[in-house]
Structure formats: structure tokens, C-alpha cells
Amino acid sequence: MPPPGDNLLEVENLRVSFSTEAGTAKVLDGVNLALQPGEIVGLVGESGCGKTTLANAILGILARNARHEAGAIRFGGEDLLAMSQRRIETEVRGRRIAFIPQDPYGSFNPLFTVGAQIMEVMKWKSPLRKVSEGRGLAGFFSRYPRARRREDMARVAEMLRAVQIPDPAVATAKLPHEFSGGQRQRLMIALALLPSPQLVIADEPTTALDVTIQAQILKLLKKLAKESGISVLFTTHDLGTAYEICDRICVMYAGQEVETAPVEEFFRRPRHPYTVRLLESLPRPGRPLAGIGGEIPALIAPPSGCRFHPRCAFAADACRGLRPPVTVIGGGHDVRCYHPVVEGAPA
Amino acid sequence: MRAVRDILAKLVRDPSAAVGLAIIFLLIAVAVLAPVLATHPDAVWDMNPRQRLLPPSETYVFGTDRMGADIYSRILFGARITLIIAIVAVGAALLIGVPIGLVSGWRGNWLGEGLMRVSDIFLAVPQIVLAIAISQTLGPSIENVILALSVTYWPWFTRLVHAEVRSLRNETFIEAAIALGVPTWRIVLLHVLPNVASPIIVRTSIGMGFTILTASALGFLGLGAPPPAPEWGRMISESREFLPEAWWSALAPGLAIFLVVMGFNLLGDGLRDVLDPRIRRATTGR
Amino acid sequence: MRILALLLVRVAWLIPTLAGLIAIVFVISRVIPSDPVALLAGETASRAQIELLRQKLGLDRPLPVQLAGYYRQLMTGDLGTSLFTTRPVWDDLSARLPATIELTVAAMIVSVGLGIPLGVIAALYRNRAADHVLRIVSVAGLAVASFWLALMLQLFFAMDLGWLPLQARITGFPPPPITGFYVIDALVEGNFPRLGNVLAHLTLPALTLAFPALATVVRFTRAGVLETLQRPFVAYQRAMGIPAGLIVWKYVLRNSLVSTVTQIGLLFGILLAGAVVIETVFQWPGIGAYAFEAILHSDYAAVMGFTVYAGVVFGLVNLMVDICHALLDPRGASA
């Protein structure tokens, strides 16, 4: 990991569990992650690996039955988990950390125009907003000065053009259902970038879209983020989309991060057995489909140590004991395995 | 049978549903055991002018009414009337309404629409208005109350069943059954009915509660069982002229009604949560 | 436009539905053991005189003919003459309508004005103390016999404490009739003691009437809000740091209201039904009490008149609910 102090976001040994009727699900088991300013990091993993939970934990919107067991989330040096709810709501969410949701269809309120919803965000989160404007009573009765509103509207129009929504004046008067999924997601990108955030968390933003649209959206997000030097934490289960947009990739399995590497290195020299199998499972012409035997473990009684060991060909006693520590391979490539793979053979 | 036991088990775990269930059992027990539980089983129908309007005491747990009868005992016997009215009226409404709903939901054509229009007619005015008209016409008696209530309640079952059948009709598994040539009656009986059973059961429980309220309202208005029958609604109306001094004679029967209806409502809610959390809550009401 | 088409269809259906309702009530009210004509004619009337009266009233002709005659009569807007009050039914109804409307509106205001916020609170504090209390209240509200509640309230507030009047709309002389609504008329008159008097009289009946309606509103609002809270746009707004109060009271409420509005039709049914009993208990000179007396006296014309009124009101209310529904929800997008 890069030296501390440089990082925009540092997740340190984060442990989160959910209490359910069936027991306590240990969803995040000591996750570590670092993000530098201006970089796009992909969080890759199958369903249930905890990537969405991690994203929610950073934003502070975990469900009510979630328990923060250990660890810290440092953003710009401050631990978000120790911050007051009021500060997180006003300063962090939607302002310094923005969000792009997975579901462009449900994430807009169907009864309000797109313009009204965008301006609602601008009212509270525009970079031009001054503290003196106050919050009123639970959000009601606060002022939106006309001058700032006009400037904000100009910025909105500009941003809409940047995300290729034609004719912003007409578009803002429309209702969400009048837009296609791809267009809505582009609106979401606009909404995420308008507050000039330092970090955008994109939670599987293209999963709900048609394949042909996905590349479009991803390219747009990457371009706009890089232009403004905004970091992106991008979760996905699709390695292809990760390759498209990310600078670095971090793989998660069952609540543990197992490997982190710069994108090219990741695809060319994967080290963790799980990563290797994951890459092998990508469909390729001329080869039969490969899978990984076994199932994703239930998190109420997860495997001990390295949670992948029941399905790993190289599992040994050490793997069942303590979780493997970080092995630094160099060049920003870390892996957590007692037997990292070297060019096809176990170490 | 195991399904029933599972349902009961889940029901008991929900505290409010358990309370509802307990109240219903209590009601049934009271109705059946009234002669045993009553302190003055014979005095229910008699007149004891010397003991009229006595406040609650050790002998007369809820005091006495204007005829000198023990209110507590009258309430216990009144439970029989309440239970009979509820069971028969709702049962009849069910037996009328469900088949009509099945037919009208299954056939979307003029027959289906027509039946729905007919049920709309009955729903065009609040139940109590029509019930008053009917029972007043036929004369005050328990049978007429039951008749009036069932005649005015069946549309609720019909609407419910109609809506459910209509949506089920479009389900793939029904289409498959039709395509395979399964006769209609089999489809309806074996595939449709079990799926509609849950909302019907919930509606039945809630319907019992509302029927009891309407029945007691009819009794209050003088249209129920004639005196000296210990019908709860009538007991309240009889107590009116002696207020505020003899407040106990108005309080007790009302509490009985409240308790019983609460029981059915709690049970109905519990059943709704247990049987099918997906049941559209928008289509509830009475 | 779609809404227009919907409206026309609904209005069109209103007519046969009403006709059917009238037919049913007509038949019911004519099938009676006792003979109101005899009652009307008086105890000393002879057989022949009774028959003459019956002929005069047209009650000797076969039922279908009478029904047809009634339909024809309705077309001309004539609701007949009350056997009991000997006044045209239309006059009776219009004289008593304001009282019922005043009561119903007051009950509506209480049940909706109080019920919606309480429902939202119950949803927000789900399964915590406030929610449990509100759930008990709403279950109780639907389990209480309204006439009994009326009596208990009368007992407590009127007889024991003497805070509120026992019955009727006013003690003393009513305000000069402009609208027929005592509250408005007293306000217009500027007579505040009288206004206070009127409001005091309105309190108990309105509260009693509102209680089951309040319970219903709380339940539906709670359910609607709970459902809406699950939807992705709520999570999105939260993730983007929009103030929580705004999310709930501006956005979530609006989405939940769409389904609550549908229940207002139901509400009206409850209020209309309750009005009959409550007006009787509180001696409130409205249509509900009129209907009950009419039925008691086998006053055909009045019973029919009330039925027509109830059917029309009900139909119109449901129509307006549908309009509101279509307006609030431009696309049928919500639950």
C-alpha cells in the first residue's frame, strides 16, 4: 500500500457484521483498502462478497442491523466512523463523497421532474453553497438564494451537456420515466460530479444496463473523473468493466480482500488462487467454460482463516488458521495468501 | 395438517396475534360454558325489580341492569348470541361471495363484469344503511340480523376473490394447466383456490370483527334480538336512560364488544403477516 | 385525454349502479309485514278509507310499475314526499344536509390532519415505543363500537366533567343562516361566543366519528410510508446527503400519499356509515338521523331519497378520488 498520509481514502481492518434471525453474518472480515487522489480503483467480487457493504459503510448508510465491530475508515485523514451523523450528512455525503447507484430506474423519484431532483441536490451540495444558508427546520424553510440558484442552474446545464444529455432546458422539465436507462445513468453521473466531490463511489453502475450502453457510460465516467482529478471507487462483479475503467483492481472474496494490483499487472500476473480461477472462468473461444468448484460460504459460519481455503487447490493447514497477512509483491501489487501462484505453479 | 400447525406456531410467536388468538378462545369458552361461568345463570332472562340498577359488588360483578338482572351473567350469555351471529353471517357471506368471485374473476366477459356490477350495487352504500333497511323491514330478531349482515357482506369476499383470480389467471402455471387440457373445475379447485385461500382467511377474521360491530349497532338501534335477549348492543341502548348514575350498565357490554372485536382484528392482522406478507395491503379496509 | 375517458366511463357506470341500488332498496322497503298506510290513515280509519289513501299514494299498483314510476319521477328531480313529515323529501334532505356535511368535514379534518403525520411517525419509529402505541390506538379505533364510544365520551366529558355539551348543534339560537354551516355562519357573523358554542357542540360527535377513520388513516399511511422507504430513490437521496427530514416529509410522503388518497374513498364510507348511528346518539339534526327515523317509520319516500343521496355522494367521492389519483401520479408509477 502507498505510504499513509498520501491517501484520500483508507479503509483499515474493517470488520462489519449483520445481526439476523439466523445468526450474526460476518460480512466484512478485516478489509483493507487505500485510494489515492485521482485514481480509479475497482472493487471486484461475486455477489455477496461484501463490496456493496463496504461502499455503504464508507457512506455511512448501512442497515439498522449492521454492527461495526472493528477498524476505521479514514477519509482525508479523519475517521468517518467516528464522525457525527450531522457532519457526515452535511459535509461528506453528496459533497466530498458522491454516489452513483446501481439502479438507474428506481433511484429517481418517479413523481418529481429530473430538474427538481437535481436542483434539490444543488441546493444542499453545490460547491457555491455557504454555511450561512442554514438548514431550517429538518430541511424545510431554508433559503436558496436566487443568485446562487441561477449560477447553479448554469452549471447544471453545462454538466448535462458534458454527459451528453441534449437540450438541458427541456430535459430538466421531464420526468424520470421519459429517459432511457442509459440516459438516467448519465444523469446520475452528472449528479455525482456536480458537487465537485473528491471521491465518487459507483456501485455497479452498469449492471442494470444493456451491454452496448455499458462501455459508453464507463468511458464517459472515466473521462470526466480524470479531467477533474476525482477519485472513483468502482464496484463490479464483471472483470471486463473493471478492465475498461480502472487504474487498480482489488478483489474481494467472502468479506476479505485477497489481492490488489494495478490493472495490467492484475490481468497478466494474478497471484491469488481465487483471482487466477476468476480470470480463467472468463469465457474464451476454443476453450470449455471453466468454473470454480464449491460454493460461496454462508457468512454466519464462515470458514476460518483464509475464507477461500475450502475451494482452493493449494489449501494447507496454515490457510485454515490465521488469515494470511499481506505479501507485498512490489509495484503496488499486494496479495494475501500463504501460497501465491507464480506463473501457474504454487509457491 | 402440518401446514396448519406451522401457521399456528408462527402465529403464536407474534405477541399481538397470540393475544388475539387467546381472546377468541376465551370468547368460545365463555359462550360454551356460560351456564357454568355465570354467577346468576337463571336470572339472565328474569325480572328482579328489587335488585335493579345495583352497582358492581361481590354478588353482582358488573352490577345489575334496569330489570335487576346480573349484567355479568347477561354478558356471558350474550357471547353466545355474538358468536352465532358472527359465524353464521360471515360464513354465509363467504359461501355466497367466494363462488361468485371465482366465477366472475375467471370469466372476464360480460358475466364476470356483470357480477362485479351487482356487487358494486351492494357496496354503493355503507353496509349498515342497507342492513338497517333490511332488518327493520323484516322485524327485530337474530335471524333477520344474520340475514341482513350476510346479504350486505358477501360483496367484500367477491371483490377480493375476483381481484386475486384475475391476477392469477395471467400466471404462467395456470396458462400451462389450461394448455395441458386440465378441466376448468380442476384448475379452479386445485390451483386457484389454494392461492386465494390466504386473503380469504384474513378477510374472514377481520370480517368477524366488523360484523360484530354492525350487529351490535343494529342491536343498539333496536333492530336486533328483542328483549330480554342479552344482546350486547341492546344492553347498551337500554342503559342510556339511566346514565350517568348507572354507568356500569353501559360500560361493561361495550368493553365486551371492544375486546372481542380487538381479538378478531389482531388475529386477522397476525394471519395476514404469517400467511402471506405479499398480500397487497392497499386492498384492505373492512 | 386519458383522465377524461376514465371520468366519462365512471360517470356512465354510476347510473346503472344507482338504478340497481334503488331497485333493491325499493323492493326491500315495500316488502314489509306492517302497513304504513294504515298507520298513516290513523286508528279510526275504515278499510275503505285506507284503500282510498293507498290508491291515492299509488301504493296499490304492482311493484315493477311503482319502480318504473319512481325512476320517471327521479328524472324530473322529484324525490317524492315524506310520509312522515309531509314535506317534499328534497326539502327535508337539503335542510339537514349542512349539518351532516359540517360533521363529516370536521371528522375528515381530524382523521386526515392527525392521521397522516401520526402514520408517518409510526413508520419512522417502526417497532419502537411510538409505533407500538400508535398501533394499539389504530387497532382499538377499529374495534370500538362507535355508539358506545359516543356514550362513554358523553358520560365523561358532558355528564361527569361538564366540559362539553351533551348533544345537538348549539344551545340557544343558531347564527343567521347564510350557508347553513354554523361554524361558517358564526364566523361571518363575527359572534365569537356563539362560535365557541358551536365548536363545543361539534367536538364530541366529530371526535367519535373520526376515531375509526383516524385509525384507518394511520394504518394506511404507516404501511404506505414503510413500503416507500424501501424504494431505491430513498436510499439514493440518503447517500447523497439530502436532509433526512426533507426526504421523509417532502418526497416519501408524496409517494405514499398516492395510495392513501385511494383510501379516502373508503374513509368516506366509514364516515357516512358512522354518521347514521352517531347523529342518532348525539341528536345531531343531520341526514343520518333522518334516515334512521325514516326507516323506523317505514317512510318510503324518505328512505328512497336517502338511498339516492348516499349512492350519489358515494359515487361522486370515488370519482374524485380517482381524479386525484390520476393527477397525483402522472404515470401510474407508484404502488
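Note on naming: letters A, B, ... go to the chains in the order of the sequence lines (proteins, then strands), and numbering restarts at 1 for each one.
For the atom pair CG (C:Leu149) and CD1 (B:Ile257), the distance works out to 12.0 Å, reported to the nearest 0.5 Å. For the atom pair CE (B:Met262) and CD1 (C:Ile136), the distance works out to 7.0 Å, reported to the nearest 0.5 Å. The line from OG of C:Ser146 to CD1 of B:Ile128 is 7.0 Å long, rounded to the nearest 0.5 Å.
In this structure the side chain of C:Leu151 reaches within 4.5 angstrom of the side chain of B:Phe220, judged on heavy atoms. Residues C:Phe147 and B:Ser216 meet the side-chain proximity criterion, which asks for heavy atoms closer than 4.5 Å.
Using a cutoff of 4.0 Å between basic side-chain nitrogens and carboxylate oxygens, B:Asp269 and C:Arg219 are scored as salt-bridged.
Of the possible polar contacts, one joining the C:Trp148 side chain to the B:Ala250 backbone as a donor-acceptor pair under 3.5 Å is found.
In this structure, chain C has no heavy atom under 4.5 Å from any part of B:Leu259. Heavy atoms of B:Ile212 lying under 4.5 Å from chain C are absent altogether. In this structure, chain B has heavy atoms under 4.5 Å from both the backbone and the side chain of C:Ala140. Interface remark: C:Ala145 contributes backbone and side-chain atoms alike to the contact with chain B (heavy atom separation under 4.5 Å).
With sequence neighbours excluded, the residues satisfying ring-ring contact (aromatic ring centres under 6.0 Å, His included) with B:Phe122 are B:Trp154.
The neighbour count for C:Phe156 CZ, taken as heavy atoms of other residues, nucleotides or ligands under 6.0 Å away, does not exceed 12.
Shortest non-hydrogen contact noted between C:Leu142 and B:Val261 is O-CG1, 3.9 Å.
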Please list, one pair per line, the donor and acceptor atoms closer than 3.5 Å that link side chains of residues 276-284 of chain C to other protein atoms, with sequence neighbours excluded.
unit_1: C:Glu279; atom_1: OE1; unit_2: C:Ile287; atom_2: N; d: 3.3
unit_1: C:Glu279; atom_1: OE1; unit_2: C:Gly288; atom_2: N; d: 2.7
unit_1: C:Glu279; atom_1: OE1; unit_2: C:Ala289; atom_2: N; d: 2.8
unit_1: C:Glu279; atom_1: OE2; unit_2: C:Thr100; atom_2: OG1; d: 2.8
unit_1: C:Thr280; atom_1: OG1; unit_2: C:Val276; atom_2: O; d: 2.6
unit_1: C:Trp284; atom_1: NE1; unit_2: C:Ala99; atom_2: O; d: 2.9

